[in-house]
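The block underneath contains the structure these notes are about, expressed in structure tokens.
Throughout, protein chains are lettered first and strands after them, A, B, ... in sequence-line order, and every chain is numbered starting at 1. What you see below is based on every heavy atom in this structure, not just the backbone, and it leaves out hydrogens, waters and symmetry mates.
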Amino acid sequence: MARFDLEAELTSRGLVAQQTDAELFHRLATKSTSVYCGFDPTADSLHVGNLLMLCTLRRFQLAGHRPIALAGGATGMVGDPGGRSEERSLLSAEQLQQNLVGINEQLGRFLDFSAGAGSAQALQLDNASWLSPMSVLSYLRDIGKHFTVNEMVAKDSVKSRFERPDHGISYTEFSYMLLQAADFLHLYQNFDCTVQVGGSDQWGNITAGTSLIRKVTGGHAAGLTMPLVTKADGTKFGKSVGGAVWLDANKTSPYQLYQFFMGAEDAMAPSYLRYFTFLSTDELNHLEVATNEAPHLRAAQRRLAKEVTTLVHGAEHADRAEQASVALFSGTVASLDAIALRAISSDVPTSTVAKTSLSKGISVLDAAVGAGLLSSKAEGRRSIEQGGLSVNDVRVEDVDALLGADQVRDGGFIILRKGKRQYHLLTVE
RNA sequence: GGGUCCGUGUCCGAGUGGCCAAAGGAAACUGGCUGUAAACCAGUCGGCUCAGCCUACGUGGGUUCGAAUCCCUCCGGGCCCA
């Protein structure tokens, strides 16, 4: 893999929020090391909120370092107190195992796990393999002895929980940072891992690790955090219609992922491009200028959506998602021919409706609810009353409107749309 | 173990016997303006066979003509004391 200037790569993209020491990049430039990042295994798929760290590990690998993805089977059973106002529920061991399998597959799209990567070959590790065998006594003596409660209480992630008088923090979650510190120590000693990266909310946990390493081994390890990704108004990034945006095609289709990034705000699109793509500085600057000068063309969003979808799902799916988007949003859907419809049907949410029920006349409401486009008929009635539901781009005026055979388009499709951009294809069988 | 307080819709949070499908805020959805943007304005925001009915204020009982509101059980949580 080609080496490149990691410091320039990260700083120019605005990816460095905090770092433990000034010489970090100098060392990284002169000597290969291992770098690790933890991933929360609370679901069986990663989501767009993990994208930044996935890209960051990839950048390290491109620079010749070995990325270690730690999907914490052990810490996942404990739960990080950071970022939550209340105690989280614990995962069962079986659920956790299932989640780790799902995450494993997705990591492979960003990191090179093949032997061909040489010393930069990526690793996925499960901290249960070293934390589970650790006895309580050794935990207390070898890890806990190096921390004072005073400093632990001072960490932001813990402090914020103290500020809510009606909620507490369990000892379990309080201990989380020690487990994460133990992870870092283990990786330092066994995998030559001298750097941990994470979101800026991980700062306290990361520095707990670097200080443990110093105290136990006398050695030096560093931490690096990335800025928190937000939307233009400062709110949480990564939510969309129907909740989280997943990297698993079964949970969020390539089309939906594409659409998520297509809808990025002008103000954020250039930043997202820097964060989530591997475009050159020239291209990034060019797209930023293009967005400023002609925002309505959405050049940055188009490129962002295409790049990320390609990265996550591959070029073929990305092309299809792009084509589907162009087809659905260019002028009228009515202009689409059967071939175009069939092409997009695999990515746009699709469901089937029986020909017989259609000939009898099925209500638009029932069809849309059955298709999952609407969560209830009440919601559908509201949508229709507010003019938010259309069939083949024709606004539905009547709550009791029926779908009929005459609305089936060439190729056997009926196109439902809720609002401006939620499309659903009904295929007739 | 003792004391005390609390558990309300997606979230936060009012409500302390009827006027409660439950204030207010946030999130979300739809419409309008635009550009599949933001901001802004307007409407919506439990379900249904929709002028009515059903379900819902942690769980299960009870009191009452009537309970989110009162009593008891249990479950979950906070704080203080030991």
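Here U36(B) is the nucleotide among U36(B), U44(B), C48(B) with the atom lying nearest to any side-chain atom of R421(A). With U36(B), A38(B), C48(B) as the choices, the nucleotide that has an atom nearest any side-chain atom of A378(A) turns out to be C48(B). Taking every side-chain heavy atom of K377(A) into account, C48(B) is the closest of C48(B), A28(B), U36(B). Closest to the side chain of R382(A), out of C45(B), C48(B), U36(B), is C45(B). Comparing atom distances between the S376(A) side chain and each of G47(B), A28(B), U36(B) picks out G47(B) as nearest.
The gap from the C1' atom of G61(B) to that of A23(B) amounts to 31 Å, rounded to the nearest Å. With P as the reference atom, G47(B) and G18(B) are 27 Å apart, rounded to whole Å. For the P atoms, the distance from U73(B) to G25(B) is 39 Å, rounded to whole Å. To the nearest whole angstrom, the two P atoms, one in A28(B) and one in A38(B), are 10 Å apart. The P atoms of G77(B) and G31(B) are separated by 44 Å, rounded to the nearest whole Å. Taking the P atom of each, C79(B) and A68(B) are spaced 31 Å apart, rounded to whole Å. Rounded to whole Å, the C1' atom of C29(B) lies 15 Å from the corresponding atom of G46(B). For the P atom pair drawn from C12(B) and U8(B), the interatomic distance equals 7 Å after rounding to whole Å.
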**OP:** Begin from the C-alpha positions of L426(A) and T350(A) and carry the test side-chain contact (heavy atoms from CB on, under 4.5 Å) through to its verdict.
**Re:** CA-CA 6 Å; L426(A) 278 182; T350(A) 305; over 6 Å; no

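Across the interface with RNA chain B, nearest-nucleotide mapping of D233(A) and V369(A) shows D233(A) to be the residue nearer the 5′ end. Projected onto RNA chain B by closest heavy-atom contact, S375(A) and P295(A) fall at different nucleotides, the more 5' of which corresponds to P295(A).
The residue R298(A) sits close to a base: some heavy atom pair falls under 4.0 Å. In this structure, R302(A) reaches neither bases nor backbone, as no heavy-atom distance under 4.0 Å exists between it and the strands shown. Counting any heavy atom pair closer than 4.0 Å across all strands shown, E385(A) reaches no nucleic acid atom.
The distance between atom CD of Q386(A) and atom C1' of A28(B), rounded to the nearest whole Å, is 13 Å. Rounded to whole angstrom, the span from the CD atom of E379(A) across to the P atom of G46(B) amounts to 11 Å. If you measure from atom CZ of F237(A) to atom P of A27(B), you get 18 Å, rounded to the nearest angstrom. With rounding to whole Å, M262(A) atom CE is found 9 Å from U36(B) atom P. Separating the CZ atom of R303(A) from the P atom of A37(B) is a distance of 22 Å, rounded to the nearest angstrom. As a whole-Å value, the separation of H296(A) NE2 from C33(B) C1' is 16 Å. Going from atom CG of N292(A) over to atom P of A37(B) covers 18 Å, rounded to whole Å. Between the C1' atom of U36(B) and the CZ atom of R417(A) lies a distance of 11 Å, rounded to the nearest Å.
In a base pair of the Watson-Crick type (N1 to N3 plus N6-O4 or O6-N4) or a G-U wobble (N1-O2 and O6-N3), with each distance short of 3.5 Å, G1(B) is matched with C81(B). Under the Watson-Crick or G-U wobble criterion, with both distances below 3.5 Å, A28(B) is paired with U44(B). Pairing for G17(B) is absent, with no Watson-Crick or G-U wobble pair whose two atom distances lie under 3.5 Å. Pairing of A22(B), defined by two Watson-Crick or G-U wobble distances under 3.5 Å, is not identified with any nucleotide.
In terms of phosphate contacts, R395(A) brings no side-chain nitrogen or oxygen within less than 4.0 Å of OP1 or OP2 of U30(B). The phosphate of U30(B) has OP1 or OP2 within less than 4.0 Å of a side-chain N or O from Q422(A).
For the side chain to side chain contact (heavy atoms under 4.5 Å, CB included) with F276(A), the lone residue among L54(A), V48(A), V308(A) that qualifies is V308(A).
A donor-acceptor contact under 3.5 angstrom links the side chains of H424(A) and S351(A), judged on distance only.
Taking 3.5 Å as the limit, the base of U36(B) and the side chain of Q301(A) contain no donor-acceptor pair of atoms between them.
Without hydrogens or angle criteria, R395(A) side chain to S390(A) main chain gives no donor-acceptor distance under 3.5 Å.
Ion pairing between a basic and an acidic side chain is recognised when a charged N comes within 4.0 Å of a carboxylate O; R13(A) and E9(A) show such pairing.
For an aromatic pair to be called close, the ring centres must be under 6.0 Å apart, and F260(A) with F237(A) satisfies this.
Ring geometry for Y272(A) versus Y275(A): interplanar angle of 30 to 60°, hence tilted.
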